[in-house]
Amino acid sequence: MIRDYLYITKARALAVGLTHEGTLFGVPAWFADVSDERVGAATPKAPLLNAWCWLADKSFDLAAYFIPAGRVLVSPIHVKGRIQ
């Protein structure tokens, strides 16, 4: 359906195995396979924002080449909690 390209509902996210919500590069997102140290998969709640997340991810990777060794970058991925 066309709405799946505009917004992924909570029911659809749960149906495909996504278990948490939060933000990914500043946009609302659904997450799966979340542990204390990693996120296994993530997708923006609005799939049209995938391009923004890809660009932000590549920019973050590029910036990592130029920061001093030992400096810690703040993660742009924030898991708020389980989907209620």
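Sorted by first and then second residue, the pairs that involve residues 44-66 and meet salt bridge (charged side-chain N to carboxylate O under 4.0 Å, His left out), not counting sequence neighbours, are E21-K45. Within the structure, side chain to side chain donor-acceptor pair (under 3.5 Å) contacts touching residues 75-84 (residues at least two apart or in different chains) do not occur.
Following chains of ILVMFWY side-chain contacts shorter than 4.5 Å, one can reach V27 starting from V34, so the two form part of one hydrophobic cluster. Note on L14 and I8: same hydrophobic cluster, where clusters join Ile, Leu, Val, Met, Phe, Trp and Tyr whose side-chain heavy atoms are under 4.5 Å apart, directly or indirectly. No single ILVMFWY cluster, assembled from side-chain heavy atoms under 4.5 Å apart, contains both L62 and I67.
Every residue two or more places apart in sequence or in another chain that forms a side chain to side chain contact (heavy atoms under 4.5 Å, CB included) with L18 is listed here: A13, V16, W30, A32, T43.
To the nearest 0.5 Å, atoms CH2 (W52) and CG (N50) are separated by 13.5 Å.
Between P76 and L24 there is no side-chain heavy-atom pair separated by less than 4.5 Å. Between P47 and L6 there is no side-chain heavy-atom pair separated by less than 4.5 Å.
Pairing each heavy atom of I77 with each of F31, the nearest pair is CG2-CE2, 3.6 Å. The minimum heavy-atom distance linking I83 with K10 is given by the pair CG2-CG, 3.3 Å.
Formation of a donor-acceptor pair under 3.5 Å by the T9 side chain with backbone atoms of R12 is found in this model.
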